[in-house]
Amino acid sequence: MKGNEGPERLIRSHLQNVQPYAYVAPLEAATAESGVPADRIIKLDGNENPYGCSPLVKKALMEYPFYHIYPDSEQRELRQALQSYVGAPFESIIAGSGSDELIEFIMRLFIDPGDGVINCVPTFGMYQFSTAAWGGKVTAVPRDSSFAIDVAAVKKAAGKGAKIIFIASPNNPSGNVTPAEDILQLLELPAVVVLDEAYYEFSQKTLVPLVEQHENLIILRTFSKWAGLAGLRVGYGVFPSKIAKHLMSIKPPYNVNAAAQVAALQSLRDLEYLQGTIKAIVAERQRLFDKLARFPKLRPWPSEANFILCSVIDHDARSIYQELRRRGILIRYFDTPLLKECIRISVGKPEHTDALVAALSDILLE
Ligand SMILES: Cc1ncc(COP(=O)(O)O)c(C=O)c1O
């Protein structure tokens, strides 16, 4: 078969031209480009945890004897352990292979081709990406000049029949938290509100207690950021009971692998250690902010997450990104209509901040 007679013609029409997700390039690519060895690269582009996971996780992964057996499809031990950490009942908690997978499950549950999804941009790219993959129609409602959500505009857009409203709080890439009053207003709408608290541990602000009172509120969380498990892929959601039941019934079996379940469980058993690293990151966030604010060409935005967005004034954000990359320091840059000339820097260890600031002084000639 050739040309449009081939199997490509059988691909669902809404997937013929989907934009791939703009993922963070692997370390090896940066090493190949810059010549800086992987262990000396300063990786501040993925909002990962520079301190890594708990030492108990490494030990438990070494000693786990059942890798040859399928993991518990119902994730009982993990969900039980999450109950007290999250403050929500067992039945309402469901884990995924990263919170990204839970976004996919939510789409699978609610979105028929053509259904509406509201996205408060600029924000995390998965909401747009997953909606497109499921044939939904995204209405992008811009945040205001301080990245607060425009509640009136969301309500207006929802009036046209949206099924899901996505809000990341703290938002990626701006780092600001959406106040509870705004979420409460959105919960009055006949739509499901997905509140993504991926960075909760760095903000300490959560609306989990509201899930029991609102049958249209879903909270998403992850072990990727605070627990240093991005590479193992484990996240969870807190769902109203009726939605949780349906979601459990469509979830593929064994979606969270055994290693991820072991690692997440051990993280919950080593909260003291992990809370120490969270504290270090929060303290370093302030130190990084103060240092960035001293550059006349940079305007850092206050952040309650583990990264800082910075507007670049009278300079090219892309060239800062490239110059840093050449020196083995990885950050993100944005130059889109909603994020003109911006860079986003994940909070690293103090020595990462120092190396970054020295390189920025050199690049910005200050
Ligand atoms: C707002 C937000 N939600 C979810 C995720 C992804 O989480 P996970 O690694 O659990 O898929 C990210 C990662 O950058 C994020 O910024």
Side-chain angles (χ1 to χ4, degrees), residues 21-26 43-50 52-53 75 78 82 85-86 93-107 117-131 133 143 147 149 164-178 183 193-203 205-208 218-238 251 255-257 259-261 263-264 267-268 274 281 285 301 303-309 330-332 334 339 342 344-348:
Y21 184 77
Y23 54 82
V24 174
K43 194 173 182 313
L44 306 176
D45 60 350
N47 303 337
E48 291 133 340
N49 191 322
C53 62
Q75 316 152 344
L78 176 56
L82 276 166
Y85 178 71
V86 178
I93 300 168
I94 301 172
S97 175
S99 53
D100 284 354
E101 189 184 46
L102 293 163
I103 296 171
E104 284 284 311
F105 291 170
I106 292 166
M107 290 290 160
V117 170
I118 292 178
N119 199 20
C120 297
V121 290
T123 192
F124 181 48
M126 275 302 287
Y127 313 138
Q128 152 79 41
F129 172 78
S130 280
T131 306
R143 289 166 176 259
F147 302 110
I149 61 165
I164 302 176
I165 302 167
F166 279 105
I167 313 274
S169 180
N171 186 42
N172 176 8
S174 52
N176 59 315
V177 166
T178 296
I183 302 295
V193 175
V194 178
L195 184 65
D196 185 343
E197 295 184 350
Y199 301 96
Y200 152 70
E201 282 77 6
F202 306 104
S203 71
K205 290 181 184 151
T206 181
L207 295 187
V208 161
I218 295 173
I219 308 264
L220 298 182
R221 297 264 191 89
T222 180
F223 281 80
S224 295
K225 316 296 178 180
W226 68 284
L229 297 183
L232 278 175
R233 316 300 302 125
V234 50
Y236 60 94
V238 184
K251 179 184 85 55
N255 66 307
V256 182
N257 71 63
Q261 294 198 39
S267 303
L268 294 171
L274 290 170
I281 291 168
R285 178 177 74 200
W301 291 87
S303 169
E304 297 196 51
N306 65 341
F307 53 82
I308 294 178
L309 183 73
L330 312 182
I331 62 162
R332 290 285 302 269
F334 306 93
L339 278 175
C342 283
R344 192 199 68 196
I345 303 164
S346 306
V347 179

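Whatever order the structure lists ligands and atoms in, that order sets their numbers, starting from 1. These numbers come from the heavy atoms of this one structure, side chains and all, not from hydrogens, waters or symmetry mates.
Within the 4.0 Å heavy-atom criterion, the part of R233 lying near ligand 1 is the side chain and not the backbone. Neither the backbone nor the side chain of F223 comes within 4.0 Å of ligand 1, counting heavy atoms alone. Under 4.0 angstrom from ligand 1, the non-hydrogen atoms of Y127 all belong to its side chain.
At the shortest separation from atom 6 (C) of ligand 1 among protein heavy atoms lies D100 OD1, 3.4 Å. At the top of the distance list for atom 5 (C) of ligand 1, counting protein heavy atoms only, stands F124 CZ, 3.3 Å. Atom 1 (C) of ligand 1 has as its closest protein heavy atom D196 OD2, 3.5 Å. For atom 7 (O) of ligand 1, the nearest non-hydrogen atom of the protein is S99 OG, 3.0 Å. Counting only heavy atoms of the protein, atom 9 (O) of ligand 1 lies nearest to S224 OG, 2.6 Å. Of the protein's non-hydrogen atoms, the one nearest atom 14 (O) of ligand 1 is K225 NZ, 2.9 Å.
Between E201 and K225 no salt bridge is recorded (no basic side-chain N to carboxylate O distance below 4.0 Å). With respect to the salt-bridge test (charged N to carboxylate O, under 4.0 angstrom), the residues R344 and D45 do not qualify.
Looking at L220 and V194, their side chains come closer than 4.5 Å, going by heavy atoms from C-beta outward.
The only option from D196, L82, L195, V208 that meets the side-chain contact (heavy atoms from CB on, under 4.5 Å) definition with R221 turns out to be V208.
Those atoms of ligand 1 that come under 4.0 Å of a heavy atom in A198, given as number and element, are 2 (C), 3 (N), 4 (C).
Once rounded to the nearest 0.5 Å, the distance linking CE of M107 with CG of L102 reads 12.0 Å.
Checked against ring-ring contact (aromatic ring centres under 6.0 Å, His included), F147 has the following partners two or more places apart in sequence or in another chain: W301.
For ligand 1, the polar-atom distance check against N47 finds no nitrogen or oxygen pair separated by under 3.5 Å.
Of the candidates L220, N171, I167, T222, it is T222 that places a heavy atom closest to atom 10 (O) of ligand 1.
Remark: the Q75 side chain and the N255 side chain contain an N/O donor-acceptor pair separated by less than 3.5 Å.
Aromatic ring pairs are classed by plane angle as parallel below 30°, tilted from 30° to 60° and perpendicular above 60°; the pair Y21 and F124 is perpendicular.
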For this session: Determine, step by step, whether F307 and Y199 satisfy the ring-ring contact (aromatic ring centres under 6.0 Å, His included) criterion, reporting the C-alpha distance in whole Å, the side-chain angles of both residues, the deciding distance to 0.1 Å, and the verdict.
Result: CA-CA 10 Å; F307 53 82; Y199 301 96; 5.0 Å; yes
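Distances from ligand 1 to the non-hydrogen atoms of G98 include at least one value under 4.0 Å.
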